[in-house]
Structure formats: structure tokens, C-alpha cells
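One structure is given here, and the rest of the page talks about it.
Numbered from 1 within each chain, the chains take letters A, B, ... in sequence-line order. FYI, side chains are in, hydrogens and waters are out, and symmetry mates aren't considered; it's all heavy atoms of this structure.
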Number of protein chains: 2
Amino acid sequence: MDSIKPEDSRKSRETFKEFLTQQGLRVTNQRTAIFDAAFNQEEHFTAEDLLDFSREIDRSVSRATVYRTLPILTEGGLLKEIDVGRDYKFYLANRGQKTEQAQVICQDCEKIFEIEAPFMEWYARSVAQKVGLEPVSQRLQVHAHCIRLKEDGICPNSDS
Amino acid sequence: MDSIKPEDSRKSRETFKEFLTQQGLRVTNQRTAIFDAAFNQEEHFTAEDLLDFSREIDRSVSRATVYRTLPILTEGGLLKEIDVGRDYKFYLANRGQKTEQAQVICQDCEKIFEIEAPFMEWYARSVAQKVGLEPVSQRLQVHAHCIRLKEDGICPNSDS
DNA sequence: ACTAATTTGAGAATAAATCCCACTTTTCCA
DNA sequence: TGGAAAAGTGGGATTTATTCTCAAATTAGT
């Protein structure tokens, strides 16, 4: 439903170009295509997904470049990297949400929800302080079952 | 310092054998060696570590069997599996601690601390309920820096 | 002990991610 | 603007943790 409006995507593409030059990196067609592809997605995606999406924009994008660009984007805070313990990672466009978000993973439909988790930073700090450490980042993952699945035999989150 | 006492290890080995038969699995030398090796460790270890430790007990243990036994142990709740986003997993003998523990990972010395995290289950539930999900398990990871490193240039956790 | 079913070891296979290197593109300043 | 130096790229080989395969060995119940 909430598709990204052209103005928005144009603006964020500018932000990306500024970001690259600021980092002393060059603006290339491939990097722009990868960035655009990533920010076209509303949901989580894998590196392989991103390769496909990027190629729809620029046929020449290679797997190597996707894997080279991903750490640039995640370390720059433009993309969120999510590891739910599978043998590949998920990524999500960071559209400036709060940093205090937890991942709730539905074990019935495999969907990942990004849910606000108030005071998570404060809570993580209180835990880390017990061993004299200063948090840099924290992540809370909740593996869960759908309540309605038990009752109705249907997971309302799964692809209907 | 706190080495495991013979009585303890004997008792837990019995528990393990009961566990296996209860699951309809056979008690083999290899599985026993792997179990003992795991419960000799006070700290986190990798699958490869466990292969080495197991071979010190029973030379014949193979990598395949270690990898086959690990899911039996983790799914049975005897071992805790920890994924801190590297390309291999860590494991830890579950000696019946509280389930409410967070992993605090020191980014200076790479050490992983298992720290009590009160009310984590309650907190995870409150987050999951926002999307109508019922938590099965939750994990909180805090990536952190050592406070004393900044001040003294020394990470007191690192191998001195 | 005997037999059927389970388990094992060794090495091949898998798959995500990384590396290599000749070739292309970008940048920038003369 | 042009042209060289630096940075970036594609494609395929490589790496590495983990999984698979299958013949041989071991276990558990008779």
C-alpha cells in the first residue's frame, strides 16, 4: 500500500550521493542502482534479493558489487542488518525510525516484524553495566507463534 | 577456578543417557564423549572447538557426528546456541541457569558475557503482543565497549 | 550371540560470502 | 576539455561453516 513517492526517492538518492562523496567514495551507476533497489523495498530482503532488484534497474550490477556495497550502506546507517540465525542475513532500508526496535519473528509464516521496544537502550545499558561495559548497539529478537494459529488454525500473517 | 566436580559430571552424564533413551536415540561412545566435552567447558565454544575437545576424550569422534549431535543437544535444552552475527555459532553448556540472560559482547576482547536480564521474558511478551504473537524464546544481545579501555587503554577482560 | 535398525567416519557437496585481477569508469586538475 | 591516476567493477574462482552420502560399524532387544 504505502508506496514510496517519487519526491521521497529523489531526495534520498541525493542524500546517498552526498553520503558517498563525504566518505571519499565514488558515485557509480551500480551503487546508485543498489541504493535505489534497497529503498524501493518496504520489507526485509536478502543480499540475493537485492541483486535481483538492482539488476532490474541496471542490468550490469554484479553479485560482487552488491556484497561490496552492503557493508558501506549498513556501516553508514542507511541499511539495517538483521541476523535471525539463518545462514543468510536480512536487510531493511533505514527510513529514520527509532533505534529502539525489536525483531519479532513469526515462526509460522517466517515474517519479521520491526516493533517499537521502548527503553530498550536504557535496559541494555543497565545489563551491560553489570560487567563494566558501555553499549554500542543492542538487539532484541523474539521468536514467536501466532496466537490465532492455535485457535483458528490460520496464521493471519502468512501469505493469504 | 570453578572446575566441575566428578560427582556432578557423573550425574549429568546419567541425565544425558536418560535423555537419549527417552528420545528413542541410542547411547554411543561418541555422543557421550561429545556431551562430556561440552560440559567440561565453562565458557562458550564453537563446533570446531567441540570437535577438538571431544577427540581428547574419544579419538574416533568425527566432525560429522559433532554437527549431528549439536542439534540434539540444543533442541533438548542441554546446550545453549548463541549467534552473535559471525559466520559460526557459539555453544554453552546449559547448567540450569535462569532463562532470562542476555549476551553482552565486548568488542575489544571479543569475550561473551552471559548476564542476568530481569523481566526479559515479560518485556519480550509486551513487545510481541503488539502484533498478536506469543513468544517462544527471546534473545537480547548487547555489543559493547569496555569502559576502562577508553580511560586506561587496557581492556581488563582481554587475555592478560 | 543374532538381527534389524541406528549411527558413524571420511570425504564430497552445498551455499553464502569473499577474493582476485584484468578491464572499465570516475575524478580532478593541467 | 582531455587524459592519467585512482577507484570501482564483473565474472569466476575460492573460502569456510555446515550438511549430505553411503558403506561399514555399533547398538538394543530378542
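- Comparing dG11(D), dT18(D), dT27(C) against the side chain of V27(A) picks out dT27(C) as the nearest.
- Comparing dT25(C), dC22(D), dT18(D) against the side chain of R68(B) picks out dC22(D) as the nearest.
- Rounded to whole Å, the distance from CG on L50(B) to C1' on dA17(D) is 15 Å.
- In this entry the distance linking CG of L20(B) with C1' of dT26(D) reads 15 Å, nearest Å.
- Closest approach to the S60(A) side chain among dG10(D), dT26(C), dT18(D) is made by dG10(D) (side chain taken as heavy atoms from C-beta onward).
- In this model, the phosphate group of dG10(D) is approached by a side-chain N or O of T65(A) to a distance below 4.0 Å at OP1 or OP2.
- Rounding to whole angstrom units, CG of residue L70(A) and C1' of dA17(C) are separated by 11 Å.
- Of the candidate nucleotides dG11(D), dA5(C), dT18(D), dA5(C) has the atom nearest to the side chain of R26(B).
- Taking 4.0 angstrom as the limit, Y67(A) places a side-chain polar atom (N or O) nearer than this to OP1 or OP2 of dA17(C).
- If you check the side chains of T32(A) and N29(A), you find no donor sitting under 3.5 Å from an acceptor.
- Taking for each of L25(B) and N29(A) the nucleotide of DNA chain D with the nearest heavy atom, the 5'-most of the two is the partner of N29(A).
- Using cut-offs of 30° and 60° for the angle between ring planes, the F16(B) and F35(B) rings count as parallel.
- Distance CD (E48(A)) to P (dA17(C)): 9 Å, rounded to an integer number of Å.
- The shortest non-hydrogen separation linking A33(A) to D58(A) is CB-CB, 3.7 Å.
- In this structure, F90(B) and H44(B) have perpendicular ring planes: the angle between them is above 60°, well past the 30° mark.
- Atom CG of L51(A) is separated from atom P of dG11(D) by 10 Å (rounded to the nearest Å).
- Residue V127(A) comes nearest to A102(B) through the heavy atom pair CG1-CB, 4.0 Å, listed as atom of the first residue, atom of the second, then distance.
- At the phosphate of dA7(D), neither OP1 nor OP2 sits under 4.0 Å from any side-chain N or O atom of T28(A).
- Rounded to a whole Å, the CD atom of E81(B) is 15 Å from the P atom of dA17(D).
- For dG10(D), the OP1/OP2 oxygens have a side-chain nitrogen or oxygen of Q30(A) closer than 4.0 Å.
- In this structure, R63(A) reaches neither bases nor backbone, as no heavy-atom distance under 4.0 Å exists between it and the strands shown.
- Between the CG atom of D83(B) and the C1' atom of dT18(D) there is a distance of 13 Å, given to the nearest Å.
- Residue D58(A) contributes atom CG, which lies 10 Å from atom P of dT26(C) at whole-angstrom precision.
- Mapping T21(B) and Y88(B) onto DNA chain D via the closest heavy atom, the residue that lands nearer the 5' end is Y88(B).
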